[in-house]
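A short write-up of the structure that comes next.
As the structure lists them, so they are numbered: ligands from 1, and atoms in each ligand from 1.
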Amino acid sequence: MRVAAISIFPEMFRAITDYGVSGRAVSEGHLVLDCINPRTFTHDRHRTVDDRPYGGGPGMVMKAEPLEAAIDEAVERVGGEAKVICLSPQGRVLDQAMVESLAEEPGLVLLSGRYEGIDERVLESWVDEEISIGDYVLSGGELAAMVLVDAVVRQIPGVLGHSQSAVEDSFADGLLDCPHYTRPEAHRGSRVPEVLLGGDHERIRRWRLKQSLQRTLIRRPELLQERELTAEEQRLLAEIENERPD
Ligand SMILES: COc1ccccc1CNc1ccc(C(N)=O)cn1
């Protein structure tokens with residue numbers, strides 16, 4: 001997948017190109033990330049990318065011209081068919097379904113705003129979609145862009161080894177993840193659930209599914225509303241309801 005990130009702080013993206021799963025995806029060629037700095041496309045002595053807002057008010061607004069030139073370059077780098085996304089608090093909130101859909105795109109251009117935001121004419125004419133990673137304001141779109149890239153890159157075949165499958169990621173099946181344990185068996189007097197110590201894989205699978213259902217029911221019940229439940233899941237939920245303290 002080819003991604004072009006537009007930002008006045010391109011170095012920030014080292015956080016995903018130099019570490020972990022996303023870093024390996026870059027080194028193995030599953031992900032190509034170009035960073036494009038709008039300042040490159042300024043022509044004044046101060047390399048101005050922002051200016052005061054019409055109508056007054058606090059802060060500054062990112063100027064259209066440098067951003068549009070950067071988007072133009074980014075679309076070319078990504079190879080023409082690119083979805084241009086602006087990360088902003090005004091966007092549709094990202095969820096796993098959107099992540100899986102974005103992973104199908106041949107190329108993405110991710111626009112990270114700073115200051116109070118971006119001249120609306122850029123959003124109107126150049127941006128296909130605004131996406132938010134949650135209902136809070138950040139100092140810039142870069143961290144949001146990196147969150148999106150990290151989530152998307154996990155969906156690319158070959159990025160996660162056999163040992164970690166994106167299919168088993170908690171949100172992949174619409175449920176919260178089950179508890180995980182590793183050595184030692186007893187830690188500060190707290191023991192690993194016996195079921196996980198035996199070799200009964202079917203019993204372990206069922207226990208993990210029940211734990212996921214129980215956690216989802218307790219912490220995020222609304223996720224169960226949107227989800228088709230298998231017969232087995234319905235049975236396990238009934239067991240959970242019966243076991244719940246009155
Ligand atoms: C006032 O900031 C902006 C205003 C407009 C655009 C970009 C920014 C940059 N900030 C962002 C960006 C994304 C998110 C998010 N929730 O995804 C939160 N903040």
**Report entry** Non-neighbouring partners of R39 that pass salt bridge (Lys or Arg N to Asp or Glu O under 4.0 Å), sequence neighbours left out
**Finding:**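 Salt bridge (Lys or Arg N to Asp or Glu O under 4.0 Å) check on R39 returns nothing, list empty.
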Query - Results of salt bridge (Lys or Arg N to Asp or Glu O under 4.0 Å) for E222 - residues two or more places apart only - result: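 Scan of E222 (salt bridge (Lys or Arg N to Asp or Glu O under 4.0 Å), adjacent residues dropped) gives R220.
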Requested in this report: State which residues pass side-chain contact (heavy atoms from CB on, under 4.5 Å) with H30; sequence neighbours excluded, sorted by chain then number.
Outcome: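 Listed in chain order: A25, E28, I156, V159.
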Query raised in the report: Can you check side chain to side chain contact (heavy atoms under 4.5 Å, CB included) on L217 and R244, steps first, answer last?
Result: CA-CA 11 Å; L217 180 66; R244 272 179 98 165; 3.5 Å; yes
Query - Salt bridge R121-E124, side-chain N to carboxylate O under 4.0 Å - result: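 Answer for the salt bridge query: no.
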Query - Salt bridge flag under 4.0 Å for residues R2 and D34 - result: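 Looking at R2 and D34, the cut-off is met.
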Any protein N or O within less than 3.5 Å of an N or O in ligand 1? List each pair with its distance, or say none.
unit_1: ligand 1; atom_1: 10 (N); unit_2: L138; atom_2: O; d: 3.1
unit_1: ligand 1; atom_1: 16 (N); unit_2: S132; atom_2: OG; d: 3.2
unit_1: ligand 1; atom_1: 16 (N); unit_2: G134; atom_2: O; d: 2.8
unit_1: ligand 1; atom_1: 16 (N); unit_2: Y136; atom_2: O; d: 3.0
unit_1: ligand 1; atom_1: 17 (O); unit_2: I133; atom_2: N; d: 2.8
unit_1: ligand 1; atom_1: 19 (N); unit_2: L138; atom_2: N; d: 2.8

